[in-house]
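Remarks on the structure that follows.
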Amino acid sequence: MTMLNVGRPTRPQALAETSHQSLTGARGLLQDEALIFEMDGWNKTGVDLAPAEHDASDLGDLVRTAPIGLPGLSEPEAMRHYVRLSQKNHAIDLALYPLGSCTMKHNPRLNEKVARLAGFGDLHPLAPMATTQGALALIDQLAHWLKTLTGMPAVAMSPKAGAHGELCGLLCIKAAHEAAGQGHRRTVLVPTSAHGTNPATAAFVGYSVVEIAQTDDGRVDIADLAAKLSPQVAAIMVTNPNTCGLFERDVIEIGRLTHEAGAYFYCDGANFNAIVGRVRPGDLGVDAMHINLHKTFSTPHGGGGPGAGPVVLSAALAPFAPAPWVVSDGEGFKLVEEPQGEAAQAFGRMSAFHGQMGMFVRAYAYMLSHGSDGLRQVAEDAVLNANYIKARLSAAMTPAFPEGPCMHEALFDDTWLEGTDITTLDFAKAMIDEGFHPMTMYFPLVVHGAMLIEPTETESKQELDRFCHALTVLAQAAKAGDVDRFKGAPYLAPLRRLDETLAARKPRLTWRPEPASVSPAPIAAE
Ligand SMILES: *Cc1c(COP(=O)(O)O)cnc(C)c1O
């Protein structure tokens, strides 16, 4: 058995032992958990309600005659149910979460504390503006710093995710082309390595998507871009640093060629973490770029949100930005809901209100607590950490682009697994047994069996060492032919290997009582 440098065995105690089944389905102190509907508590409630004073109903024959079928749990039961469920999931608060392209970084508790201040946390979106001046000032300040950090003159704050921001940016571009009599431009160019949301967004807006090839060193192929630019092209969408974790060295040339062809340069800024404080996308010729506050500025994400994807815009696109936005005059701050004059070209709105206030507060707290030197150090440390991983793992695994440094994420391919009968997926599953959440797998698509590792700047050298050591030992086991360890993994997770395709294609999204196991009793009339 190999030992980790911290003295822990890297191999599950003895694989045979893990076939031990407990009577209860629990694993140690981690309990098995039924669905809330299966918990046999139909006749219970956690609160003691006085009988209604008059129960005459105006609903006539619409009055419910059968029980509604909601599970009944006492407060401690409800509490435990959700805490147990939370323990079955991985979280950045538990351990390293090296999911490339996702920037799973620590969300400082200061952010949480500030977001919970009553003046922010308890606001209603329809509260009169006279009572929400502080919140509007915060949106205005955050907008100011986003424009400053990106070197762009305008920002749309209301999009609620990165993909939502992409949609906002492309709708601005579409509106700008239409206003200039260029509505016939129906194509968007996207590199082969793009995040899936880029072509999806372009298609959603009604554009046809044409791929741009990639060079052998993982960058946009400029010759191919030049060949595909035409009077039909509305925009290009380029991620920088790109999803191979590499800086697009020719980004200025990309912008120049794009503008020369009358198209706009959309930059996917989800990876701003790698360059914040070091590079201003506005200086690179970018026209629109979304920023994932839930990545770069540490606000929580996962489980589908909430996120925030403000979009910075060039002067050419600014007049088309969606309402609402904050302005200030002698009388204070105002949210402009109905654009007038030049601003009346706004393409519409992205959401009912002003955006994700809770994320704004967290991101602003993060910016202020880091300061400009701290934000620059975020980018420097994120890149340093990724390069440390790339350097330490390059002997055991094969970096997809060995030449030169990477940016904030280290990308490996599966060449080093050749002949082992072990796949990227098997390797990732074995990482779970070692207490490490897998990296992003099989993305970007242009790299065979891709393993994309993003440590972020919030991990210490000790944690990176622990991670690299575990992966090195696992890689040695793979090359030594210990196939079972990988094919059967995870051995120690609450559920073993799932049929992910089936789960994605035929998800079971509704629960139906199985007559034998559950029988909601009629509501007891006392
Ligand atoms: C995360 C990400 C997105 C999408 O952001 P969401 O907030 O998940 O919609 C888009 N592009 C890149 C490169 C990303 O990493």
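Throughout, numbering of the chain's residues begins at 1 and tracks the sequence. Note that this is a predicted model, so its numbers are computed, not measured. Just follow the structure's listing: the first ligand is 1, and inside any ligand the first atom is 1.
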Would you mind writing out a table of all protein N or O atoms found under 3.5 Å from any N or O atom of ligand 1, naming both atoms and giving the distance to 0.1 Å?
| unit_1 | atom_1 | unit_2 | atom_2 | d |
| --- | --- | --- | --- | --- |
| ligand 1 | 5 (O) | Asn292 | ND2 | 3.1 |
| ligand 1 | 7 (O) | Gly162 | N | 2.7 |
| ligand 1 | 7 (O) | Asn292 | ND2 | 3.3 |
| ligand 1 | 7 (O) | His294 | NE2 | 2.6 |
| ligand 1 | 9 (O) | Gly162 | N | 3.3 |
| ligand 1 | 9 (O) | Ala163 | N | 2.8 |
| ligand 1 | 11 (N) | His195 | ND1 | 3.4 |
| ligand 1 | 11 (N) | Asp268 | OD1 | 3.3 |
| ligand 1 | 11 (N) | Asp268 | OD2 | 2.5 |
| ligand 1 | 15 (O) | Ser101 | O | 2.5 |
| ligand 1 | 15 (O) | Ser101 | OG | 2.8 |
| ligand 1 | 15 (O) | Lys295 | NZ | 2.7 |

(request) State whether a side-chain donor-acceptor pair under 3.5 Å links Glu454 with Thr103. (result) yes
(request) Could you label the plane-to-plane angle of the His177 and Tyr264 rings as parallel, tilted or perpendicular, counting under 30° as parallel and over 60° as perpendicular? (result) tilted
(request) Assess whether atom NZ of Lys88 is packed by more than 12 heavy atoms of other residues, nucleotides or ligands within 6.0 Å. (result) yes
(message) Heavy-atom count check: over 12 atoms from other residues, nucleotides or ligands less than 6.0 Å from Arg278 CZ?
(response) no
(message) Enumerate the salt bridge (charged side-chain N to carboxylate O under 4.0 Å, His left out) contacts for residues 360-370, please, sequence neighbours excluded, ordered by first and then second residue.
(response) Glu112-Arg362
(request) Decide whether Asp221 and Thr215 meet the rule of one side-chain donor and one side-chain acceptor closer than 3.5 Å. (result) no
